[in-house]
Amino acid sequence: MKESFDVPLVEDAKYYEVDKSYKDNARTRDYKKTYREFLKAPDVFWEKIAGELEWFRKWDRVKEWNYPYAKWFVNAQCNITVNCLDRHVNDSRRNKVALIWRGDDEEERIFTYQKLYHEVMRFANGLKKLGVRKGDRVCIYMPIIPEQLIAMLACARIGAVHSVVFGGFGVGALNMRIQDAAAKVVVTADISVRRGKSISLKAIVDEAIINAPSVERVIVLIRDKEQPVELHKEIEIDYDELIADVPSECPAEVMDAEDPLFILYTSGSTGAPKGIVHTCAGYMVGTYYTTLHVFDLKDNDVYWCTADPGWITGHSYIVYGPFCAGATVVIAESTPDYPDPGSYWKLVQDLGVTIFYTAPTAIRMFMKVGEKWPNAYDLRSLRILGSVGEPLNPEAFEWYYEMIGKKKCPIVDTWWQTETGMQMVTTMIGEPMRPGFAGKAIPGVVADVVDKDGKPVKPGTGGFLVMREPWPAMLRTVYKNDERYRKYWETIKDCYTAGDLAVKGKDGYIMVIGRADDIIIVSGHNIGTAEVESALVSHKAVAEAAVIGKPDPMKGNSIKAFVILRVGHTPSDKLTSDLIYHVRMTLGPIAMPHEIEFVDKLPKTRSGKIMRRVLKAKELGIDPGDISTLED
Ligand code: PRX
C-alpha cells in the first residue's frame, strides 16, 4: 500500500444545513447522543435493533469477538425471508405494494407483499424439486426483473447460498464465479433488454458452463414468448414449467445466525475475484437498521435504488434491507439516458418516488446533459437523496442538491463496501452536510483514518480508512480463501482495513479519496487491474499487459492498458479494437479498456512485479514517488 499521497484542502468546504423538520422527524433524531449511547453499550445498541425482528430462537450473546473472527447473535436461529415477507404478510402490510418493476418499454409489474411471498415460496419449492438443499450454491445470472429478486429470496428461504452475478458480466467472469462457488444450479433468463435491444443472456450461460462440472441444472426464464429459445432438456428447465405445479407454501428453513446467506464476488488485487461471504443474522440486522435509519424510511415512502441487485448495493438496499423494513421498492430494467435523459425523472414523477439512491457517475451524466431534463418533470415527491459507489465530488453534490433535491432534500453520501455488507459512514439525516465528505461513522460503527501503524492521523492529513470494531453485517470470510479474509484485519494492527484512502476534517467528517490498491472504480464498479490484465493476456497476440485507472470526469476513472505483443504481431487499430472486444466478451462491457498503448517494456520491480504506479505517474505527468525498487 502507498504510504503518502496528496490531500485536497479540506477545511474550506462549507456546510449545508437541512430543514429542521427532517431532524425533528428522523428515526435517529440526535446523532451525537445516539452515537454516545452506542459507544457506552454497543451490544445493548444492537440487541435493541435485533429485538424488532422475528427469530425462531433468540441469541445467547450479542457477539463473540475472537479477533479477527466475529460471531453475531450467537446461537440464534432465524430466516431472513421471515422478516422480509412473513412478518409483513401476517401484519398490516399484507396488501402493501412490495415491488414495482418498470421495463425498458415502460411495462409495469406490481407485487404486493402477499403476492411476492407466494412467488418466492413457489420458486423455493421449484428449487427443492431440483434437489437444491441447505448449503448448496445457486448462481443467479439475470437481468433486473422481479424473478431476479424472487430467486434470491427463494434461495434464502431454503437455506441455499446464492451467488448473484451481475447480468452485464461476460463468459469468462461468469464461468470463474460459477466454478469458484461450485454452483449446483444456475438461474438465468433468455434475454435482458437494454436500450430497446435484446441481449441473449442464455448464450453466455451456455458457454460459461462448459467447463463447470458442478452445474447440474440451468433454470431459464423465457421472456421472449414469440421466439422462445430452445432448451436442452437434459440440463435446462423452463422457469414457468418448474413452478407450474408446486405448492405455494414453503416453510422457512431454520438457519443458524452464522450460516452463510450468500456469496458475492468482488474484485481483488490478484486475478481471481474474491467470494465475499455474508451470514444470516448479522447481515439481516445491519441492513434492516441502516435502511430504516440512514434513509429514514417511513411506511409510506416509495423507495428507488437504481443499482442492479447483482451488486452489493442491490443485495443490501434493494432486497434484504428494504424488504426487512417493509418498504415499497421500485426497480427498473432501464438506462438513465434511454429513450432520453429524462427517463429516471419520468419514473420518479410517475411513481411518486420519495427516496432516490444512485451513483455519482449517473449524477455526473445528468449534469452533462443539463437541467432541462429534470426540470421537465415534477420531482416534488422526493424527500431524501442518496449516493454510493465512489466519491461524490462537490460539484456533483451541489448539482444533485439544487437540481434534483430543489435545495430541500438531504443527501446521504453513503460509504461502504461489498465486504462491509451495510452502510458505514454517512451524514445522518438532519445533520449538516459537507460536500465532498461522506460524513461520520453511523451509530453502530467505529471508523477512523489512520497511518500504516494504526495511529489516527491529524485532521487534514491523509491516511487509511479503517474500522476499529466488528459490526454485524461484516464479511465472515472469503470463500475458500480464509487467508485473504485475515488480511483485512491484519494489514493494519487491530483494524479492519478497507483499502481506501481518506482524510478526516477537524469536525470528524471523513472524505474518501479513492482506492489504495490495484482496484479501479469505473462508474462505481470495482474492477481489478489483474482481472483485466489476465483477460488481455488470454488473447493470442498479447505477451504481457498492465492496466491503470485514469481520472475521467464522467466515470470517475477510465481504464488504460499497456500491452506488449507477442512476436509476429504488430500494433494496429484493428488489433486495438480486437483486444477491447476480447475483454468485453471475457469480462463484460464495464471492464473494457478505454485506451490501449502498445509498448516494448513495462516498469517492473527487481522481483518482477509490474509497477503500475510508475505507469500512472508517467501517464498523468506527475511525480512517480519512490522508484528505488525499479529494475531498470
Ligand atoms: O472505494 C470505495 C468505493 O467503492 C468501494 C467499494 O466497492 P464495492 O465493494 O463494489 O461496493 C460499492 C457499493 C457499496 C469502496 O472501497 N465507495 C463506495 N461508496 C463510496 C465510495 N467511495 C467514496 N464515497 C462513497 N460514498
Side-chain angles (χ1 to χ4, degrees), residues 1-2 8 164-166 168-169 263-269 273-278 283 286-287 290-291 294 305-318 320-321 357-364 385-394 396-397 400 411-427 433-442 445 447 449 464-467 473-475 478 488 491 496-504 509-528 531 549 555-557 590-591:
M1 283 200 303
K2 280 203 239 184
V164 184
V165 178
F166 168 58
F169 272 128
I263 302 172
L264 184 59
Y265 286 86
T266 186
S267 299
S269 41
K274 299 173 283 190
I276 302 299
V277 177
H278 283 288
Y283 178 82
T287 54
T290 42
T291 303
V294 171
C305 164
T306 68
D308 189 297
W311 305 114
I312 192 67
T313 306
H315 281 58
S316 302
Y317 298 108
I318 293 178
Y320 292 113
Y357 192 31
T358 197
T361 186
I363 299 166
R364 291 192 294 262
L385 303 175
S387 171
V388 63
E390 56 182 313
L392 179 62
N393 50 303
F397 176 100
Y400 200 25
I411 297 177
V412 283
D413 175 0
T414 59
W415 178 91
W416 59 293
Q417 309 178 294
T418 305
E419 292 88 335
T420 68
M422 63 180 225
Q423 298 158 334
M424 305 290 281
V425 174
T426 193
T427 303
M433 302 171 294
R434 238 182 147 184
F437 291 77
K440 297 184 183 179
I442 63 169
V445 167
V449 180
F464 302 103
L465 179 58
V466 298
M467 305 301 134
M474 63 188 257
L475 77 163
V478 174
Y488 284 104
T491 304
Y496 167 87
T497 307
D500 280 349
L501 302 171
V503 189
K504 209 157 142 180
Y509 279 47
I510 294 171
M511 170 188 273
V512 180
I513 296 170
R515 295 292 306 173
D517 55 14
D518 290 327
I519 289 172
I520 310 174
I521 309 234
V522 183
S523 300
H525 300 309
N526 249 348
I527 318 272
E531 217 178 342
K555 295 190 283 188
N557 293 286
I590 51 167

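In what follows, every heavy atom counts, from backbone to side chain, and hydrogens, waters and symmetry copies are set aside. Whatever order the structure lists ligands and atoms in, that order sets their numbers, starting from 1.
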message = I need the atoms of ligand 1 closer than 4.0 Å to a non-hydrogen atom of T313, numbered in the order shown.
response = 13 (C), 14 (C)
ask   = Quick check: does E390 get an N/O under 3.5 Å from an N/O on ligand 1?
value = yes
ask   = Considering only heavy atoms, does T414 approach ligand 1 within less than 4.0 Å through its side chain, its backbone, both, or neither?
value = backbone
note = the protein heavy atom lying closest to atom 9 (O) of ligand 1 turns out to be T418 OG1, 2.6 Å
request  = Enumerate the atoms of ligand 1 whose separation from the nearest heavy atom of V388 is less than 4.0 angstrom.
outcome  = 13 (C), 14 (C)
ask   = How far is atom 3 (C) of ligand 1 from its nearest protein heavy atom, and which residue and atom is that?
value = G389 O, 3.3 Å
query = Just heavy atoms, cut-off under 4.0 Å: does R515 contact ligand 1 by side chain, backbone, both, or neither?
reply = side chain
note = Partner of Y488 under side-chain contact (heavy atoms from CB on, under 4.5 Å), picked from T497, V478, V466, is V478
request  = Supply the atom-to-atom distance H315 NE2 to H278 NE2, rounded to the nearest 0.5 angstrom.
outcome  = 8.5 Å
query = Any side-chain donor paired with an acceptor under 3.5 Å for N526 and R515?
reply = no
task = Look only at interatomic distance and state if D413 has a nitrogen or oxygen under 3.5 Å from any nitrogen or oxygen of ligand 1.
result = yes
remark   = Looking only at protein heavy atoms, what sits closest to atom 2 (C) of ligand 1 is D500 OD2, 2.9 Å
task = Go through ligand 1 atom by atom and flag the ones less than 4.0 Å from a non-hydrogen atom of I312.
result = 11 (O), 13 (C), 14 (C)
task = Specify the protein heavy atom at minimum distance from atom 6 (C) of ligand 1: its residue, its atom name, and the distance to 0.1 Å.
result = W416 O, 3.7 Å
request  = Give a yes/no verdict on whether any heavy atom in P391 is under 4.0 Å from an atom of ligand 1.
outcome  = yes
inquiry  = Quick check for you: to the nearest 0.5 Å, what is the distance between T420 atom OG1 and I312 atom CD1?
reply    = 7.5 Å
query = Where is the nearest protein heavy atom to atom 7 (O) of ligand 1: which residue, which atom, and how far?
reply = N526 ND2, 3.2 Å
key: OG1-CG distance between T491 and D517, expressed to the nearest 0.5 angstrom   = 10.0 Å
query = Can you list the ligand 1 atoms lying under 4.0 Å from a non-hydrogen atom of V512?
reply = 22 (N), 23 (C)
query = How about Y317 and T414: does a side-chain donor come under 3.5 Å of a side-chain acceptor?
reply = no
key: Interatomic spacing from CG in N557 to CD1 in I519 - rounded to 0.5 Å   = 12.0 Å
query = Pick from E419, M474, Q417: which one makes a side-chain contact (heavy atoms from CB on, under 4.5 Å) with I276?
reply = E419
message = Nearest 0.5 Å, please: how far is CD1 in I520 from OG in S267?
response = 9.5 Å
remark   = The atoms of ligand 1 lying under 4.0 Å from a heavy atom of I521, numbered in the order shown, are 1 (O), 3 (C), 4 (O), 5 (C)
ask   = Would you say K440 and Y509 make side-chain contact, with heavy atoms under 4.5 Å?
value = yes
